Amino acid sequence: MIDQNKQNTLIAAAMQARHEAYAPYSHFYVGVALLTKDNEIITGINMENSSYGLSVCAERNAIATAIGKGKRDFQAMAIVSRGGVTPCGACRQVIFDICGNIDIILADEEGKIRDITSTETLLPNAFGNKDLV
Ligand SMILES: [Zn+2]
């Protein structure tokens with residue numbers, strides 16, 4: 001578990017990123033901050049599309065940005081949204097595949113922690129690369 005100082009820093013970064021979320025249809029704005037093993041913070045926002053199905057979640061946007069920067073090892077992710085919701089099923093799979101079992105901090109729009117959980121708690125018995133051998 002990352003310490004409280006890191007939790008607060010990560011939540012603040014996710015709150016800041018959330019201002020740029022592009023959600024003109026649902027108005028459900030999400031900001032994510034992903035903490036790498038070398039203590040870099042990479043953010044992401046949800047980006048909706050008028051065809052709805054092409055919308056991309058903040059969690060996967062943050063992970064794609066991190067991978068594009070050459071990052072491969074992660075410690076934690078903070079997700080800020082109205083009510084501090086959990087990631088969707090698709091994102092749980094991608095978080096598991098790319099980040100492994102990391103801390104996942106769920107905070108509401110005011111930055112109040114609603115839950116601190118983990119990938120394995122959110123996606124037990126996950127399918128992964130171990131199943132492909
Ligand atoms: Zn998602």
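Bear in mind the structure is a predicted one, so any value in this text is a computation, not a measurement.
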Colleague: Is there a donor-acceptor contact under 3.5 Å from the side chain of R114 to the main chain of G83?
Modeller: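 Checking the backbone N and O of G83 against the side chain of R114, a donor-acceptor pair under 3.5 Å is found.
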Colleague: Considering only heavy atoms from C-beta outward, does the side chain of N39 approach that of Q75 to under 4.5 Å?
Modeller: yes
Colleague: Taking the side chain as every heavy atom from C-beta outward, state whether F74 and D103 have any atom pair closer than 4.5 Å.
Modeller: no
Colleague: So which of L122, I104, N101 actually passes side chain to side chain contact (heavy atoms under 4.5 Å, CB included) with I95?
Modeller: I104
Colleague: So if you build clusters from Ile, Leu, Val, Met, Phe, Trp, Tyr with side-chain heavy-atom gaps below 4.5 Å, do M15 and I41 land together?
Modeller: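 Per the 4.5 Å side-chain linkage, M15 and I41 are co-clustered.
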Colleague: Between atom NZ of K112 and atom CD of E109, what is the distance when rounded to the nearest 0.5 Å?
Modeller: 11.0 Å
Colleague: Contact between E48 and L54 at the side-chain level, heavy atoms closer than 4.5 Å - yes or no?
Modeller: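 A side-chain contact is absent here, since even the closest heavy-atom pair is not under 4.5 Å.
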Colleague: Dump the intermediate steps for side chain to side chain contact (heavy atoms under 4.5 Å, CB included) on L132 and F127, then the final yes or no.
Modeller: CA-CA 9 Å; L132 295 176; F127 176 87; 3.7 Å; yes
Colleague: On a heavy-atom basis, which atom in L123 and which in R92 lie closest, and how many Å separate them?
Modeller: CD2-O, 3.6 Å
Colleague: Between P87 and L106, is any pair of side-chain heavy atoms under 4.5 Å apart?
Modeller: yes
Colleague: Taking side chain to side chain contact (heavy atoms under 4.5 Å, CB included) as the criterion, tell me which of I113, I79, L35 meets it with I105.
Modeller: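 Going through the options one by one, the only one that passes is I113.
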Colleague: To the nearest 0.5 angstrom, please state how far the CZ atom of R18 sits from the OG atom of S81.
Modeller: 7.0 Å
Colleague: Is a side-chain donor or acceptor of D131 paired with a backbone partner of G128 at a separation under 3.5 angstrom?
Modeller: yes
Colleague: Under 4.5 Å between side-chain heavy atoms, counting indirect links through other Ile/Leu/Val/Met/Phe/Trp/Tyr residues: same cluster for V30 and I98 or not?
Modeller: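 Cluster IDs for V30 and I98 match.
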Colleague: Under 4.5 Å between side-chain heavy atoms, counting indirect links through other Ile/Leu/Val/Met/Phe/Trp/Tyr residues: same cluster for I67 and V94 or not?
Modeller: yes
Colleague: Determine the minimum heavy-atom distance between A58 and V32, stating which atoms define it.
Modeller: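 Smallest interatomic distance, heavy atoms only, reads CB-CG2, 3.6 Å.
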Colleague: Is L10 reachable from I116 through a run of I, L, V, M, F, W or Y residues, each pair having side-chain heavy atoms under 4.5 Å apart?
Modeller: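 Yes, because I116 and L10 connect within a single hydrophobic cluster, where side-chain heavy atoms sit under 4.5 Å apart.
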Colleague: Can you tell me how far the CD1 atom of I102 sits from the OG1 atom of T36, to the nearest 0.5 Å?
Modeller: 11.0 Å
Colleague: Can you see which heavy atom on L34 is nearest to which on A62, and at what distance?
Modeller: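 Heavy-atom minimum between the residues: CD2-O, 4.1 Å.
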Colleague: May I have the step-by-step check of side chain to side chain contact (heavy atoms under 4.5 Å, CB included) for M77 and T119, ending in yes or no?
Modeller: CA-CA 10 Å; M77 174 184 282; T119 315; over 6 Å; no
Colleague: Counting distance only, does the side-chain N/O of N61 pair as donor-acceptor with the main-chain N or O of I45 below 3.5 Å?
Modeller: yes
Colleague: Indicate whether the side chain of Q16 and that of T43 have a donor and an acceptor atom separated by less than 3.5 Å.
Modeller: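 Not at all, the side chains of Q16 and T43 share no donor-acceptor pair under 3.5 Å.
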Colleague: Take atom CD of E40 as the centre, draw a 6.0 Å sphere, and report whether it contains more than 12 heavy atoms from other residues, nucleotides or ligands.
Modeller: yes
Colleague: For R60 and C88, work out which heavy atoms get closest and say how close.
Modeller: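 Looks like NH2-SG, 4.4 Å.
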Colleague: Taking F28's backbone N and O only, do any of them form a donor-acceptor pair with N46's side chain (distance below 3.5 Å, no angle check)?
Modeller: yes
Colleague: Treating Q7 as the side-chain partner and I2 as the backbone partner, does any N or O pair qualify as donor plus acceptor under 3.5 Å?
Modeller: yes
